[in-house]
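A quick write-up on the structure given underneath.
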Amino acid sequence: MAVGDQIGWWRGCVIYQIYPRSFQDTTGDGSGDLRGITNRLEHVASLGVDAIWLSPFFKSPMADMGYDVSDYCAVDPMFGGMEDFDALVAEAHRLGLKIIIDQVLSHSSDKHDWFVESRASRDNPKADWYVWADTKPDGGAPNNWLSVFGGPAWEWDSTRRQYYMHNFLASQPDLNFHNLEVQDALLETVRFWLERGVDGFRLDTVNYYVHDRWLRSNPPLASSVAGTNSETNTYLYQEHLFDKSQPENLAFLKRFRALLGEYEDRAVVGEIGDEGRSLQTLAAYTTGGDKLHMCYTFDLLGPQFSAAHVRGCVEAFEAAVSDGWVCWAFSNHDVVRHVSRWTRPGSDPDTVARLSIMLLSCLRGSICLYEGEELGLEEAELTFEDLRDPFGIRFWPGVKGRDGCRTPMVWEAAADNAGFSTAKPWLPIPASHRARAVDVQNADTASVLASYRAMLALRRGHPALVGGSIRFLDAEGEILAFTREDGGEKLLCVFNFAEVPANWPLPTDTGAVVAIDGGSGVFEESQISLPALGCFLGQLS
């Protein structure tokens, strides 16, 4: 068993997600690359994070911005070459940063050699490597499964005269995990990156790997039957009982963990998208110490921003998962940036950004930051003509897609394209982002960037915040209060989600309280006084 299978670097770690296409361009083509990431790692290290997560950089037609892989063991030329990846790993390790890479195993590109061979006939060696099915007697699809990206999850292929399954784009056919040869081949691609020094993996859509082998149709959601479902995407009209989250997935995850166990101190985090059942799935995937090290869900990646919602999500996880571990995130490459989601009309986005990093740093679990959130970047407003995201193009204007959170990083306010590229960037850079560039905030000790550095340093200096237990305290209104405890250290964390000041009376059994630098609230006469969107951190004895 590897060292990291017990208490490894991943438990309580801080991960910084990098979207390679938008981080730094060094070739002048308007798109970021691996060499650019290497050149900017000093900034990442200065934040005080433990690891970086790289979104896909593998060879790909880029139909879904790299989440359609055509070669799992090659760097796409737009990002550089394998020597650039090796240099990135070496520099990250020199700076004390772990490297986590995105693994998109549920599906490949339709340009992948495996699929090209699979679709050629029904009797070739890879004929069963993807999910193929015959038509219904009337020529219709095998069942009612839907694609996340709109329309049926089945595409007709005129060569095999069968349908193939795709949970996402039609150019992203699903691999058949019921075939052990497929699992073997995928695990060998994982081994390839382990041998190159990768420290961990983020598994994209980890609960989509296995489908129901009998291809049973999904039932409708009760709200759909009642006529109260008003989602913009028809995918959300079904209860997804059979097209994902199948029990056979656990066996593959055990195989994945066993492979990691052959290497020292490696880790894996899974992304779970499972409407209404995410915590049950997370529990199944992380308990027992023989599957994933940790998972994250979309529970705190939505529009809800309240004391009750955060407490409900955390308490539900703590109740559902006995020995598993969670990774909390407020933003990523798939959702509207949290400063935009959570800033109410008339509120200050910077205040929301500061409250958010303090809250995230105090939650029990590992945490993940998304590039640009340390600058307090808001969602970019883009025109339809600017869009590159197939999801946004498909569902416009009801859904604006994911490009608004994927715009390039802003490094130098006065430089061409904010220092990201010497050419026109692949997505536009808003003027409001330029004003928040790294060089501007580096010179401002009161900036959002300074707050991120200070809070991550505070977290790193308190074992109770990194790996301690959590216990919620009674609080009314928009106050969230809890303690974090590890060994002899006990901390009090109090947050005010309201737009007006609030007071929180200390419980009589709290004991002595000593304020910790970083919070905006004050302790006075047995109560905590909090400004609007303020917080208090204290040491208890």
Side-chain angles (χ1 to χ4, degrees), residues 12 14 48 300 305-315 318 328 330 342-344 347-365 367 376 444-541:
V14 180
L300 296 180
F305 183 59
S306 68
H309 178 68
V310 173
R311 178 172 180 171
C313 288
V314 176
E315 285 189 323
E318 294 290 331
W328 298 111
F330 293 166
W342 295 345
T343 300
R344 300 156 186 146
S347 292
D348 175 30
D350 285 0
T351 302
V352 174
R354 292 187 180 93
L355 177 66
S356 298
I357 187 55
M358 299 193 82
L359 173 62
L360 185 62
S361 297
C362 290
L363 294 180
R364 180 175 182 265
I367 63 174
D444 182 2
T445 57
S447 66
V448 171
L449 178 57
S451 297
Y452 265 71
R453 287 176 175 145
M455 192 60 214
L456 294 180
L458 188 149
R459 174 186 167 91
R460 192 166 57 253
H462 290 279
L465 293 181
V466 175
S469 62
I470 188 169
R471 183 173 72 90
F472 286 92
L473 305 174
D474 290 338
E476 296 182 357
E478 282 299 304
I479 298 291
L480 179 70
F482 55 86
T483 58
R484 298 293 311 278
E485 188 170 2
D486 182 70
E489 182 179 54
K490 187 174 183 180
L491 303 181
L492 173 67
C493 310
V494 188
F495 300 86
N496 178 20
F497 286 73
E499 303 286 338
V500 295
N503 295 322
W504 180 70
L506 282 171
T508 55
D509 60 350
T510 300
V513 180
V514 178
I516 298 173
D517 288 343
S520 54
V522 294
F523 168 55
E524 52 187 10
E525 297 182 0
S526 72
Q527 72 174 11
I528 305 295
S529 296
L530 297 156
L533 299 175
C535 70
F536 174 86
L537 303 178
Q539 192 102 31
L540 299 180
S541 60

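Atoms considered below: every heavy atom in the structure, side chains included; atoms not considered: hydrogens, waters and symmetry mates.
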Working for side-chain contact (heavy atoms from CB on, under 4.5 Å), residues I357 and L456
CA-CA 8 Å; I357 187 55; L456 294 180; 4.3 Å; yes

Q539 versus L491: any side-chain heavy-atom pair under 4.5 Å?
yes

Run C362 and L465 through side-chain contact (heavy atoms from CB on, under 4.5 Å) and show every step you take.
CA-CA 6 Å; C362 290; L465 293 181; 4.1 Å; yes

Contact check, side chains of V513 and L540, non-hydrogen atoms, under 4.5 Å
yes

Beyond-backbone contact of F305 with L355, side-chain heavy atoms, under 4.5 angstrom:
yes

Do F495 and V310 come within less than 4.5 Å of each other through their side chains, counting heavy atoms only?
no

Decide yes or no on side-chain contact (heavy atoms from CB on, under 4.5 Å) for N496 and F536, but give the supporting numbers first.
CA-CA 9 Å; N496 178 20; F536 174 86; over 6 Å; no

Quick one: OG on S306 to CH2 on W342, what's the gap to the nearest 0.5 Å?
10.0 Å

In short, L363 meets W328 closest at the heavy-atom pair CB-CD1, 3.8 Å

Interatomic spacing from CD in E525 to CG in N503 - rounded to 0.5 Å:
10.5 Å

Distance in Å, M455 CE paired with L359 CG, rounded so as to fall on 0.5 Å steps
9.5 Å

What are the two closest heavy atoms between R460 and G48, and how far apart are they?
NH1-O, 3.0 Å

Which value, rounded to the nearest 0.5 Å, describes the distance between R364 atom CZ and C493 atom SG?
13.5 Å

Which heavy atom of L300 sits nearest to which heavy atom of C313, and what is that distance?
CD2-SG, 3.9 Å

D444, CG: over 12 other non-hydrogen atoms inside 6.0 angstrom
yes

Any side-chain heavy atom of F472 sitting closer than 4.5 Å to one from V314?
yes

For the residue pair L473 and T510, establish whether any side-chain heavy-atom pair is separated by less than 4.5 Å.
no

For R354, side chain to side chain donor-acceptor pair (under 3.5 Å) partners two or more places apart:
S451

So, the side chain of S520 versus the backbone of C535: is there a donor-acceptor pair under 3.5 Å, distance only?
yes

Give a yes or no on whether E476 atom CD has more than 12 heavy-atom contacts from other residues, nucleotides or ligands under 6.0 Å away.
no

Pairs flagged by salt bridge (Lys or Arg N to Asp or Glu O under 4.0 Å) wherever residues 477-501 is involved - sequence neighbours left out
R344-E499

Any side-chain donor near an acceptor of the partner, D348 and T351, under 3.5 Å
yes

For W504, the ring-ring contact (aromatic ring centres under 6.0 Å, His included) test, sequence neighbours excluded, returns none

Full working for side-chain contact (heavy atoms from CB on, under 4.5 Å) between H462 and L537:
CA-CA 12 Å; H462 290 279; L537 303 178; over 6 Å; no

Is there a donor-acceptor pair under 3.5 Å between the side chain of R459 and the backbone N or O of S361?
yes

